[in-house]
There are 4 protein chains.
Amino acid sequence: MARTIGSHGPTTMEAIRKAGLRLIFQHGYEAMSLRQLAAEVGIQPGSLYNHISTKQELLAELIQDHINDLLRELELALRDRQGPVERLRAFVAFHVSYHMTRKREVFIANSELRSLDPRNYEAVVALRGSYERRLADILSDGVAQGVFDVDDVQVATFAIIALLTGLCSWYRPGGRLTKDAIIAAHEKLVLSGVMPRNAEAAQAGGDRAAPHSG
Amino acid sequence: MARTIGSHGPTTMEAIRKAGLRLIFQHGYEAMSLRQLAAEVGIQPGSLYNHISTKQELLAELIQDHINDLLRELELALRDRQGPVERLRAFVAFHVSYHMTRKREVFIANSELRSLDPRNYEAVVALRGSYERRLADILSDGVAQGVFDVDDVQVATFAIIALLTGLCSWYRPGGRLTKDAIIAAHEKLVLSGVMPRNAEAAQAGGDRAAPHSG
Amino acid sequence: MARTIGSHGPTTMEAIRKAGLRLIFQHGYEAMSLRQLAAEVGIQPGSLYNHISTKQELLAELIQDHINDLLRELELALRDRQGPVERLRAFVAFHVSYHMTRKREVFIANSELRSLDPRNYEAVVALRGSYERRLADILSDGVAQGVFDVDDVQVATFAIIALLTGLCSWYRPGGRLTKDAIIAAHEKLVLSGVMPRNAEAAQAGGDRAAPHSG
Amino acid sequence: MARTIGSHGPTTMEAIRKAGLRLIFQHGYEAMSLRQLAAEVGIQPGSLYNHISTKQELLAELIQDHINDLLRELELALRDRQGPVERLRAFVAFHVSYHMTRKREVFIANSELRSLDPRNYEAVVALRGSYERRLADILSDGVAQGVFDVDDVQVATFAIIALLTGLCSWYRPGGRLTKDAIIAAHEKLVLSGVMPRNAEAAQAGGDRAAPHSG
DNA sequence: GATGAATGAGCTTTCATTCAT
DNA sequence: TATGAATGAAAGCTCATTCAT
């Protein structure tokens with residue numbers, strides 16, 4: 001508990017991750033220098049290497065941890081949700097909500113993929129693929145059951161994820177809209193987008209009190 | 001093409017822009033070195049400065065030119081289109097089509113904004129704002145006329161643009177789907193997303209033979 | 001011919017080689033920093049890279065050039081020399097003489113071999129091998145003709161080269177002995193060492209049971 | 001052997017010396033990092049400092065201990081040997097034998113002298129001088145008694161030591177020749193080299209006008 | 001005696017940029 | 001317009017060493 005100069009113990013690694021997240025989000029991975037990072041943390045550049053093995057590995061870790069969290073939490077969010085409509089609604093609500101609270105991780109995981117070396121790149125893309133597949137499966141089920149009408153499930157999957165992820169680039173906490181309003185707006189856009197017109201399919205209704213609305 | 005080594009005349013600048021586009025798309029602005037760029041063009045690094053004034057200005061020019069083109073061509077695409085529905089359909093078709101043919105410029109203009117210095121940044125963001133406003137206006141009109149039903153025009157604007165722009169990250173020419181099929185899929189997603197349910201709103205019809213479909 | 005600041009043109013590379021030779025001789029390759037080298041030459045560290053591709057390649061070049069020179073000049077020194085005795089004498093005189101005038105190159109080529117990366121190492125060792133073979137051939141011929149008497153040609157080859165090369169570690173120009181005296185002393189040692197004692201001089205015999213032979 | 005990880009007690013120092021010897025022999029003093037050394041020993045870099053005071057002092061100690069051993073054992077090897085010829089033979093046999101069994105120490109003591117700081121350097125060079133003097137004395141005695149014929153005792157001393165020490169750079173245990181054969185070969189070379197050719201063997205003469213003698 | 005985290009200096013190398021030729 | 005050599009700053013990383021625990 002001494003904590004004399006600079007930071008100590010397990011705390012330092014946490015500080016590095018936090019500062020790294022911020023700096024990469026702000027300037028990009030290539031543009032962030034380890035000198036900057038060290039200064040932010042309050043240690044000497046060389047001291048970073050007591051905690052990370054490489055700038056590249058720091059990036060990989062940040063991205064991989066994020067994607068693992070994302071997958072794990074998606075699992076929780078979808079547990080107990082039945083039927084394509086309810087599951088899609090849950091997916092949207094979860095995705096938007098997660099992206100609002102972990103904007104930086106999400107942004108980095110999307111925009112700095114190209115800075116990963118091939119080995120790390122493959123690993124992350126594989127994980128991301130399994131996230132996308134969750135949505136694709138929901139859409140496929142919906143199409144099969146006739147509750148969704150989409151020309152191409154693949155295209156719709158990419159489009160929906162892009163739509164939802166776009167949030168990161170404009171959302172600021174404390175903005176004009178409440179979290180729930182934002183979630184509701186996206187739910188409506190997405191659900192309308194994939195449900196068949198004219199039929200009264202989506203009973204929608206007031207019951208869609210968002211998960212995560214707490 | 002032709003003029004291989006030590007290329008000269010007006011061609012050199014064109015070669016620089018082309019190579020710059022490719023390299024920035026591939027590696028990112030920060031990660032692209034002028035040495036790489038010069039090598040790609042077939043000249044010495046110092047010779048670049050006979051054509052550009054700064055790495056920063058090269059980026060700014062590439063992005064600004066792109067956004068100007070985008071705006072100009074959008075204008076053409078919307079000319080003669082009447083009514084929110086038709087105009088939205090035209091917007092989507094134009095945006096998707098443009099993004100398919102100029103993927104690199106689009107991607108750079110989105111992802112390298114943060115690398116612009118403040119002066120250039122402001123200029124570009126302003127231009128981008130006026131592009132977004134075109135879509136926002138269409139949506140507002142549609143809401144006013146009761147043909148669109150969106151919770152929040154601002155959110156919908158961002159969402160639609162993100163949805164459409166996402167295309168750049170997966171589209172490869174010669175893929176599974178034709179250009180027209182991709183355009184159609186996006187039109188359907190977007191239009192459905194913003195048109196009110198139950199009413200038979202979208203008169204759709206065969207007339208939507210896509211602009212740019214040539 | 002302007003020569004404004006720092007050094008220019010082909011001269012710089014020559015200055016780098018010269019300074020490199022001196023510094024590596026003095027401190028060793030690992031201990032010589034490119035900052036030192038650049039300072040010695042009168043340019044910035046980064047500017048070295050306009051002339052060399054790598055610290056490693058500089059070393060390799062210095063060593064390789066030396067060995068090539070050595071081989072080429074040995075060829076000249078042996079041309080027209082007939083018979084093992086005369087050829088051995090010429091070899092010794094040449095080797096000693098060369099080592100006195102190019103002490104630094106010789107020393108580096110012997111002591112910094114281990115700092116070469118494998119590719120360069122192989123190349124240099126091969127060249128060195130062909131230098132050694134010249135001596136081995138002379139000895140073999142002499143033995144075949146009965147003018148030399150050595151137990152093992154290989155061992156003798158190594159021993160003679162070591163003997164002669166040892167010169168580099170004590171010779172200073174302007175010392176107690178003239179160049180010719182030094183050459184003469186070495187010729188005598190070597191020639192005597194390999195020529196048969198016509199009488200029964202070394203009674204050798206079983207009594208030389210080695211100390212430490214246990 | 002045993003005591004694998006985090007080895008402690010008097011053993012650790014021994015492990016450090018052993019590993020240090022190996023690493024310095026292999027990579028050179030400058031190129032060996034204490035991190036490498038610690039890893040080899042199985043402790044953390046910082047822990048080395050419970051055993052050594054400085055990287056420099058470790059080197060000095062290794063070299064000094066070696067030279068002291070060398071001197072002590074030479075004393076034993078020469079005890080009871082009478083007469084220049086017998087003493088020279090004993091010297092050669094001892095030197096070769098010692099160099100075959102302690103190749104690494106010998107090599108380091110020769111090649112890393114320049115890495116010693118001035119104080120340590122002086123001390124070691126003084127010890128080495130007294131080793132060389134043993135040989136010089138033998139040669140001088142022999143010349144005085146007329147059993148040796150050398151042009152210059154100093155040169156001969158250096159040459160013989162270089163010849164014998166060269167062994168370290170090619171000898172590998174288990175090679176083509178037995179230890180005794182190697183010793184015999186060197187004895188013959190050296191003894192022949194310094195003993196007078198009873199006849200007019202080396203006619204020396206003016207004809208040895210050296211190439212390069214210009 | 002060992003550890004883990006820190007320091008501060010230094011490393012090789014790359015960078016954008018300049019400029020005389 | 002192109003070149004080749006230079007600059008000055010900075011990059012990622014390694015080093016010997018220290019020291020509280």
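This structure is a prediction, so every number in the text was calculated from the model and none was measured. A, B, ... follow the sequence lines: proteins, then strands. Residue 1 opens every chain.
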Interface polar pairs with nucleotides 9-11 of chain F, N/O, under 3.5 angstrom:
unit_1: F:dA11; atom_1: OP1; unit_2: A:S33; atom_2: OG; d: 3.2

**Item:** Pairs satisfying salt bridge (charged side-chain N to carboxylate O under 4.0 Å, His left out), at least one member in residues 117-128 of chain A, at least two apart
**Value:** A:R128-A:E132
Contacts of type salt bridge (charged side-chain N to carboxylate O under 4.0 Å, His left out), residue [X], not counting sequence neighbours:
X      : answer
D:E61  : D:R17
A:E105 : A:R102
C:R114 : D:E112

**All side chain to side chain contact (heavy atoms under 4.5 Å, CB included) counterparts of B:Y49, not counting sequence neighbours** =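 Per chain and number, B:Y49 pairs via side chain to side chain contact (heavy atoms under 4.5 Å, CB included) with B:L34.
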**Any residue meeting side chain to side chain contact (heavy atoms under 4.5 Å, CB included) with A:T54, in chain and number order, not counting sequence neighbours** = A:Q56, A:E57
**Request:** Please identify each residue that fulfils side-chain hydrogen bond (donor to acceptor under 3.5 Å, both in side chains) with D:T165, with sequence neighbours left out.
**Result:**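 Only D:H95 meet the side-chain hydrogen bond (donor to acceptor under 3.5 Å, both in side chains) criterion with D:T165.
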**Prompt:** The side chain of B:Y49 lies closest to which of these nucleotides: E:dT14, F:dT18, E:dT17?
**Reply:**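 So the nucleotide nearest the side chain must be E:dT17.
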**Asked** If you check every side-chain atom of A:I43, which of F:dT17, E:dT3, E:dT7 has the closest atom?
**Response** E:dT7
**Message:** Under 4.0 Å from OP1 or OP2 of F:dT3: is there any side-chain N or O of B:S47 that close?
**Reply:** yes
**Asked** Can you check the A:N50 CG to E:dA5 P distance for me, whole Å?
**Response**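 Rounded to the whole Å, the gap is 7 Å.
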**Asked** Which stems, defined as runs of 3 or more consecutive Watson-Crick or G-U wobble pairs with both pairing distances under 3.5 Å, involve DNA chain F?
**Response** E:2-21 with F:2-21
